[in-house]
Amino acid sequence: MKKADLGLIGLAVMGQNLVLNMADHGFTVAVYNRTVSKVDDFISSSAKDTSVIGTKSLEEFIASLKKPRRIMLMVRAGNPVDQFIEKLIPLIDEGDIIIDGGNSNYKDTIRRTEYLENKNILYIGTGVSGGEEGARHGPSIMPGGSPDAWPHVKSIFQSIAAKVGKENTPCCDWVGKNGAGHFVKMVHNGIEYGDMQLICEAYHLMKELAVMSADEMSSVFSKWNQDKLNSYLIEITADILAYKDEDGNPLVDNILDTAGQKGTGRWTGISALEMGVPLSMIIESVQSRSLSALKDERVEASKLVKDTPITFNGEKERFLEDLFNAVYASKMISYTQGYMLMNTAAKEYHWNLNFGGIALMWRGGCIIRSAFLDKIKEAFDKDPHLNNLLLDSFFRNEIQNSLPSWRRVVATAVTNGIPVPAMSSALSFYDAYRRERLPANLLQAQRDYFGAHTYERIDQPRGHFFHTDWTGEGGDVTSQSYTV
């Protein structure tokens with residue numbers, strides 16, 4: 001029997017589509033699923049007349065693979081991944097490769113890489129973005145883990161990945177050791193949360209303030225998609241708003257306003273808090289989903305807590321122009337914060353992340369793909385050590401040009417009681433980041449007053465810490481200096 005180039009375990013929709021994508025590109029793939037009937041169904045339907053090999057046991061599955069064996073897990077993140085790893089270890093040899101293609105937590109990937117490398121088994125944790133359509137026709141793939149494993153999977157991954165540009169550059173390259181690939185995918189998903197929330201806020205403002213129909217809003221988003229906001233999420237928003245239900249009315253109006261989440265956005269926020277990175281806009285986007293889930297409480301509150309009625313008398317075209325600029329500037333902050341988190345993680349985990357290359361991997365196949373990403377690549381080409389996108393001339397100038405519109409939109413939303421947590425938190429972040437002095441001096445004095453946490457002085461070198469007996473007399477007379 002012909003040996004397979006790669007084996008895949010887990011025939012849910014993403015797994016099936018990746019297998020068919022590989023088969024289309026000339027690779028022979030062996031498949032296994034814990035529910036064996038799924039293998040039979042797949043081979044007799046979607047994979048009929050392909051080179052895909054169906055197997056009924058893990059032993060048969062392993063025997064069908066070329067060496068070094070390349071085994072890709074497309075199973076639910078968490079314990080199922082660990083369980084399959086333990087089942088595979090006795091069946092495979094040193095130098096074989098296990099690949100986790102699910103949305104695993106990067107800390108689990110760090111642990112699993114070390115665990116398997118100690119057994120001389122190579123491990124890859126890879127982000128795969130683009131949903132079902134991307135998996136079938138070209139996703140963005142973000143692999144990390146054991147560097148020695150990359151040459152063995154590079155041709156497969158880059159062949160099936162989305163291609164962009166005149167050179168047909170694959171949206172896939174090696175990200176870094178251990179958990180780097182899954183970390184970058186996690187940040188991608190956090191930015192995705194931010195982008196989606198911004199679009200929802202724009203939709204809310206159009207609907208409530210400008211009193212626009214779904215068809216009118218669809219036209220606006222279609223227009224936006226031809227400009228600087230060109231992106232997959234803007235494109236599908238136009239399609240969603242134009243879609244009619246069976247009764248001829250917009251389907252979107254009949255969808256319950258409670259949003260779900262699978263955890264990666266929340267992990268992004270937790271990582272930011274752990275590393276001390278101000279990921280305010282992305283965290284607000286996660287929190288907005290949590291707040292939307294309080295549907296029963298919101299309905300009750302709407303009956304008890306009344307506000308002044310919305311009174312918007314502005315010129316609609318001018319408002320939509322401002323709204324475009326507000327979304328554009330806020331989107332820049334979302335990416336800025338995501339890159340700040342990756343920059344901090346790279347230092348903490350000693351990952352040599354190619355920040356411009358990551359932007360290239362996100363240009364096609366993935367959910368946040370947009371023309372905007374070319375500008376990030378250009379920024380890091382100009383300065384590979386760029387600390388913050390807001391320090392790049394393009395981003396700095398674009399935000400400054402959008403700033404008056406951004407402020408008008410946020411002010412109008414607040415005045416009329418329409419929540420814009422992503423736009424407003426992004427604006428607050430920008431205003432704080434650009435200020436030489438913030439009120440944290442008072443905060444430090446408060447901390448020193450009640451907890452003797454010490455503070456630094458502007459008239460002394462950094463690294464010299466002082467404590468004051470704030471209840472005494474004479475201020476600095478009672479201060480004590482500490483040098484670290």
Side-chain angles (χ1 to χ4, degrees), residues 187 190 194 268-284 287 329-330 332-351 353 355 376 379-380 382-404 406-407 410-411 414 421-484:
V187 173
T268 312
I270 291 170
S271 297
L273 292 170
E274 290 175 341
M275 297 181 195
V277 178
L279 210 75
S280 53
M281 184 194 148
I282 292 173
I283 290 174
E284 282 291 351
Q287 296 283 51
S330 299
M332 288 188 169
I333 297 300
S334 181
Y335 283 78
T336 294
Q337 292 184 353
Y339 266 82
M340 289 169 65
L341 182 59
M342 288 192 291
N343 191 20
T344 301
K347 294 173 183 175
E348 183 163 327
Y349 291 103
H350 307 290
W351 295 331
L353 299 184
F355 296 116
I376 295 178
F380 283 103
K382 286 187 292 183
D383 181 4
H385 303 291
L386 183 67
N387 283 326
N388 192 298
L389 287 173
L390 295 182
L391 302 178
D392 174 76
S393 59
F394 171 81
F395 289 90
R396 188 172 65 248
N397 293 335
E398 289 292 282
I399 286 186
Q400 286 179 346
N401 291 336
S402 300
L403 195 56
W406 196 6
R407 294 197 189 284
V410 171
V414 172
M423 283 187 207
S424 57
S425 64
L427 181 57
S428 292
F429 169 86
Y430 174 77
D431 281 336
Y433 186 79
R434 69 182 179 81
R435 287 194 178 275
E436 181 181 354
R437 191 165 174 83
L438 292 170
N441 54 319
L442 176 58
L443 190 149
Q444 281 299 93
Q446 291 170 333
R447 295 179 73 240
D448 189 57
Y449 189 110
F450 65 70
H453 292 293
T454 74
Y455 56 87
E456 294 175 277
R457 293 178 59 99
I458 61 174
D459 56 358
Q460 297 294 328
R462 295 291 300 270
H464 289 261
F465 292 84
F466 296 83
H467 167 59
T468 293
D469 178 6
W470 296 91
T471 60
E473 295 182 1
D476 283 342
V477 175
T478 60
S479 294
Q480 301 175 36
S481 175
Y482 308 88
T483 304
V484 294

**Student:** Give me each pair satisfying side-chain hydrogen bond (donor to acceptor under 3.5 Å, both in side chains) with a member in residues 336-347, each pair once, sequence neighbours excluded.
**Tutor:** Ser280-Gln337
**Student:** Distance only, no hydrogens: is a donor on one side chain within 3.5 Å (strictly under) of an acceptor on the other, for His467 and Asp448?
**Tutor:** yes
**Student:** Please tell me if the side chains of Tyr449 and Thr468 come closer than 4.5 Å, counting only heavy atoms from C-beta onward.
**Tutor:** no
**Student:** Is there a side-chain contact (heavy atoms from CB on, under 4.5 Å) between Arg447 and Phe450 once you walk through the steps?
**Tutor:** CA-CA 6 Å; Arg447 295 179 73 240; Phe450 65 70; 4.3 Å; yes
**Student:** Please give me the minimum heavy-atom distance between Lys382 and Ser393, naming the atom from each residue.
**Tutor:** NZ-OG, 3.4 Å
**Student:** Residues two or more places apart in sequence or in another chain: which of them pass side chain to side chain contact (heavy atoms under 4.5 Å, CB included) with Ala346?
**Tutor:** Trp351, Leu353, Phe355
**Student:** Could you measure the distance from the CZ atom of Phe380 to the CG atom of Asp392? Nearest 0.5 Å is fine.
**Tutor:**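 Going from CZ on Phe380 over to CG on Asp392, the span is 8.5 Å.
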**Student:** Taking the side chain as every heavy atom from C-beta outward, state whether Ile270 and Thr268 have any pair of such atoms under 4.5 Å apart.
**Tutor:** no
**Student:** Which distance, rounded to the nearest 0.5 Å, do you find between the CG of Leu390 and the CZ of Arg396?
**Tutor:** 9.5 Å
**Student:** Do you know which two heavy atoms are closest between Leu279 and Ala272, and how far apart they sit?
**Tutor:**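 Heavy atoms only, the tightest pair is CB-CB, 3.5 Å.
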**Student:** Quick check on side chain to side chain contact (heavy atoms under 4.5 Å, CB included): which of Val187, Leu389, Val277 does Met340 satisfy it with?
**Tutor:** Val277
**Student:** Taking distance alone, no hydrogens or angles, what donor-acceptor pairs closer than 3.5 Å link side-chain atoms of residues 422-434 to residues at least two apart or in another chain?
**Tutor:**
from: Ser424; atom 1: OG; to: Val420; atom 2: O; distance (Å): 2.7
from: Ser424; atom 1: OG; to: Pro421; atom 2: O; distance (Å): 3.4
from: Ser425; atom 1: OG; to: Pro421; atom 2: O; distance (Å): 2.7
from: Ser425; atom 1: OG; to: Ala422; atom 2: O; distance (Å): 3.2
from: Ser428; atom 1: OG; to: Ser424; atom 2: O; distance (Å): 3.2
from: Asp431; atom 1: OD1; to: Arg407; atom 2: NH2; distance (Å): 2.8
from: Asp431; atom 1: OD1; to: Arg434; atom 2: NE; distance (Å): 3.0
from: Asp431; atom 1: OD1; to: Arg434; atom 2: NH2; distance (Å): 3.3
from: Asp431; atom 1: OD2; to: Arg407; atom 2: NH1; distance (Å): 2.9
from: Tyr433; atom 1: OH; to: Asn388; atom 2: ND2; distance (Å): 3.4

**Student:** Verify side-chain contact (heavy atoms from CB on, under 4.5 Å) between Arg437 and Ile458, making sure each step is shown before the conclusion.
**Tutor:** CA-CA 11 Å; Arg437 191 165 174 83; Ile458 61 174; 3.9 Å; yes
**Student:** List the steps and the verdict of side-chain contact (heavy atoms from CB on, under 4.5 Å) for Gln460 and Glu456.
**Tutor:** CA-CA 8 Å; Gln460 297 294 328; Glu456 294 175 277; over 6 Å; no
**Student:** What heavy-atom pair brings Ala379 and Leu386 nearest, and what distance separates the two atoms?
**Tutor:**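 Reported closest heavy-atom pair: CB-CD2, 4.0 Å.
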**Student:** Within this structure, what is the CE-OH distance for the pair Met342 and Tyr335, rounded to the nearest 0.5 Å?
**Tutor:** 10.5 Å
**Student:** To the nearest 0.5 angstrom, please state how far the CD1 atom of Ile333 sits from the CE atom of Met281.
**Tutor:**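 Answer for the CD1-CE pair, Ile333 versus Met281, is 8.5 Å.
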**Student:** Measure the spacing between CD of Gln446 and CD of Gln444 and express it to the nearest 0.5 Å.
**Tutor:**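 Rounded to the nearest 0.5 Å, the CD-CD separation comes to 9.5 Å.
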**Student:** Would you sort out whether Arg457 and His464 count as a side-chain contact (heavy atoms from CB on, under 4.5 Å), showing the intermediate values?
**Tutor:** CA-CA 8 Å; Arg457 293 178 59 99; His464 289 261; over 6 Å; no
**Student:** Roughly how far, to the nearest 0.5 Å, is CZ of Phe465 from NE2 of His453?
**Tutor:** 13.0 Å
